[in-house]
Amino acid sequence: MRIATWNINSLRARMDRVLAFLERHEVDVLALQETKAKPEQLDLAPLEAAGYEVAAHGLNQWNGVALISRVGLTDVRTELPAAPTFPEDETGMVEARALGGVVAGGLRIWSLYVPNGREIDHPHYAYKLRWLEALRAEGARELAADPDARVALVGDFNVAPLDEDVWDMEFFEGKTHVTEPERAAFRSVVEAGFSDVVRGDHPGPGVFTYWDYQKLRFPKREGMRIDFVLGSPAVESAVTGSFIDREERKGKGASDHAPVVVDLSF
DNA sequence: ATGGTAGCGAAGCTA
């Protein structure tokens with residue numbers, strides 16, 4: 001089974017890229033972030049013609065999350081995101097940041113869009129830390145109930161866990177994504193039992209998943225590693241390979257994030 | 001400190 005996560009920065013603007021990506025890599029389940037569309041705004045005909053469906057989509061906040069899956073492969077359990085445990089953002093749209101589904105074989109996959117945090121002194125930064133703590137608690141709860149649970153936490157974490165995950169630490173001094181509280185919150189999720197299943201095969205420095213549109217960051221190779229696939233022990237032991245599809249950041253109409261792809265064999 | 005780019009939706013906000 002091949003799963004992927006991709007901050008798409010508007011699903012409508014990039015539906016053609018999504019379709020080509022799914023087919024080129026034969027992806028089974030794709031978690032999307034920043035869909036920036038209401039479900040009813042999407043033209044799903046091309047997806048369905050290719051054998052895919054939107055298994056789930058965050059309801060109506062711009063920065064929505066979604067799961068695209070081969071038809072019939074993913075059963076969305078609305079209780080899975082455990083939304084009540086997640087803090088609400090100022091719009092009250094909790095479900096638009098975390099959405100989970102059960103894929104055939106019992107894999108639970110969550111598409112996560114961690115709050116950006118904006119500035120360190122902005123209330124959104126504290127919200128980001130609370131949100132990550134809620135994620136940790138929910139993940140820990142799932143593994144306490146079943147240590148062998150197949151759970152993948154995937155998405156845009158908006159945290160660069162290591163210094164080598166940004167192109168220049170000096171640039172990020174005083175900025176979000178690299179602060180110790182954010183990194184500690186990320187590590188807490190890992191320590192709850194969800195390990196990065198990509199980094200081992202694709203160590204840094206210089207291995208990134210995001211490059212700002214501005215200032216020629218991509219051609220200058222000035223990026224950040226902030227998109228992750230974190231797997232429970234059962235998922236980690238099922239990983240047979242992974243890659244970051246840097247090609248998707250190239251060309252006209254690219255998202256500012258590249259997809260992260262992981263192969264699993266249970 | 002500013003502005004640079006992109007998306008949405010029709011001005012300004014978010015990233």
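A note on names: the letters A, B, ... follow the listed sequences, proteins ahead of strands, and every chain is numbered from 1. Keep in mind it's a predicted model, so treat the numbers as computed, not measured.
- Separating the P atom of dG9(B) from that of dT5(B) is a span of 22 Å, rounded to the nearest Å.
- OP1 or OP2 of dG9(B) has at least one side-chain nitrogen or oxygen of R12(A) nearer than 4.0 Å.
- Residue Y210(A) is out of contact with every strand shown, counting any heavy-atom pair closer than 4.0 Å.
- OP1 or OP2 of dC8(B) sits under 4.0 Å from a side-chain N or O of S10(A).
- A gap of 15 Å separates the C1' atoms of dT14(B) and dG4(B), to the nearest Å.
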Show me the donor-acceptor pairs, under 3.5 Å and distance only, between side chains in residues 154-162 of chain A and residues at least two apart or in other chains.
| residue | atom | partner | partner atom | Å |
| --- | --- | --- | --- | --- |
| D156(A) | OD1 | N158(A) | N | 3.0 |
| D156(A) | OD2 | N7(A) | ND2 | 2.9 |
| N158(A) | OD1 | H177(A) | NE2 | 2.9 |
| N158(A) | ND2 | V114(A) | O | 2.8 |

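- dA6(B) sits 22 Å from dT2(B) when the P atoms are compared, rounded to a whole Å.
- Cluster partners of L30(A), using a side-chain heavy-atom cutoff of under 4.5 Å among ILVMFWY residues and allowing indirect links, are W6(A), I8(A), L11(A), M15(A), V18(A), L19(A), F21(A), L22(A), V27(A), L32(A), L42(A), L44(A), L47(A), Y52(A), V54(A), I68(A), F243(A), V261(A).
- Between K36(A) atom NZ and dA6(B) atom C1' there is a gap of 7 Å when expressed in whole angstrom units.
- Distances shown here put a side-chain N or O of R14(A) below 4.0 Å from the OP1 or OP2 atom of dG7(B).
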* Take H124(A) and Y127(A) through the test ring-ring contact (aromatic ring centres under 6.0 Å, His included) and record every step on the way to the result. => CA-CA 5 Å; H124(A) 221 258; Y127(A) 165 56; 5.0 Å; yes
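- Closest approach to the N9(A) side chain among dG9(B), dG7(B), dA15(B) is made by dG7(B) (side chain taken as heavy atoms from C-beta onward).
- Within the 4.5 Å cutoff, side-chain heavy atoms of W211(A) are placed close to those of R249(A).
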